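Here is the structure we will look at.
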Amino acid sequence: MQDEQWKRLLELARVVLGKGAWASWASDSWCGWTTFSSLEHQLTYWARGVPDAEELLADRTVDGGLWPQSFYYQDLAHIIFPARFYWEHVVAGVFQSGYKTQDIARLSAELHKAAIPHRLTELVLEVKLY
């Protein structure tokens with residue numbers, strides 16, 4: 001994957017899946033990702049909503065944006081967009097929870113048009129480079 005493809009993938013995901021937030025209860029979109037650096041060190045997967053277009057630079061995401069730090073596209077090893085994701089939240093002492101769905105089939109169609117390689121199943125749309 002080239003930088004332009006990563007950026008376009010995230011742009012399309014934002015348009016198709018909706019606005020992202022740091023917490024699943026507040027987010028219309030949701031994804032998880034890891035980096036090659038993380039696979040060599042902590043083996044961390046991050047999870048957040050999809051960043052806004054202005055947070056997507058030519059070669060990386062911005063530092064201090066929706067994602068917790070800047071990520072170089074060439075370091076991205078795996079990104080997953082679930083068909084549905086769980087959320088929970090406590091409001092005025094009342095626990096609330098549920099599931100939100102994402103139209104990953106529509107996202108897949110847009111990625112095909114943009115010639116961005118990916119894998120689609122009933123559960124997830126993903127780009128996995130390892």
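Please read these numbers as outputs of a predicted model, since none were measured by experiment.
One distance of note links CD1 of Ile116 with CH2 of Trp6; it measures 9.5 Å at 0.5 Å rounding. With rounding to the nearest 0.5 Å, the separation of CD in Glu11 from CZ in Arg8 is 5.5 Å. Taking OG of Ser108 as the start and CG of Leu12 as the end, the distance is 11.0 Å to the nearest 0.5 Å. How far CG of Leu129 is from CD1 of Ile79: 10.5 Å, rounded to the nearest 0.5 Å. In this structure, OG on Ser97 lies 12.0 Å from NE2 on His89, to the nearest 0.5 angstrom. The NE2 atom of His118 sits 9.0 Å away from atom CD1 of Ile104, with the distance rounded to the nearest 0.5 Å.
Tested against Leu17 for a side-chain contact (heavy atoms from CB on, under 4.5 Å), the candidates Leu107, Thr101, Asp28 yield a single pass: Leu107. With Trp33 as the partner, the side-chain contact (heavy atoms from CB on, under 4.5 Å) test is satisfied by one option alone out of Glu126, His78, Arg48: Arg48.
Looking at every heavy atom in both residues, Gly49 comes nearest to Ser27 through CA-OG, 3.5 Å. Pairing each heavy atom of Ala26 with each of Ala21, the nearest pair is O-CB, 3.5 Å. Closest approach of Cys31 and Val50 over heavy atoms only: SG-CG2, 4.4 Å. Minimum interatomic distance between Glu54 and Val62 (heavy atoms only, all atoms of both residues): O-CG1, 4.0 Å. Of all the heavy atoms in Gly20 and Leu66, the pair that sits closest is C-CD2, 3.7 Å.
Linking ILVMFWY side-chain heavy atoms closer than 4.5 Å, directly or via other members, places Leu111 and Met1 in a single hydrophobic cluster. There is no path of hydrophobic side-chain contacts, each under 4.5 Å, that joins Leu10 to Leu57. Val124 and Trp30 fall into different hydrophobic clusters, defined by Ile, Leu, Val, Met, Phe, Trp and Tyr side-chain heavy atoms under 4.5 Å apart, directly or through other members. Leu9 and Tyr72 fall into different hydrophobic clusters, where Ile, Leu, Val, Met, Phe, Trp and Tyr are joined by side-chain heavy atoms under 4.5 Å apart, directly or via other members. Note: the hydrophobic cluster containing Tyr86 does not contain Val91 (ILVMFWY, side chain heavy atoms under 4.5 Å, direct or indirect links).
Open room surrounds CD on Glu122; 12 or fewer heavy atoms of other groups in view lie less than 6.0 Å from it.
Listed by first then second residue, pairs satisfying salt bridge (Lys or Arg N to Asp or Glu O under 4.0 Å) with a partner in residues 64-91 number zero, not counting sequence neighbours.
Between Asp59 and Gln74, the closest side-chain pair of non-hydrogen atoms is not below 4.5 Å.
With sequence neighbours excluded, no residue satisfies side chain to side chain donor-acceptor pair (under 3.5 Å) with Trp46.
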Give the C-alpha distance, both sets of side-chain angles, the deciding distance and a yes or no for salt bridge (Lys or Arg N to Asp or Glu O under 4.0 Å) between Glu110 and Lys113. CA-CA 5 Å; Glu110 294 299 321; Lys113 290 179 195 174; 3.2 Å; yes

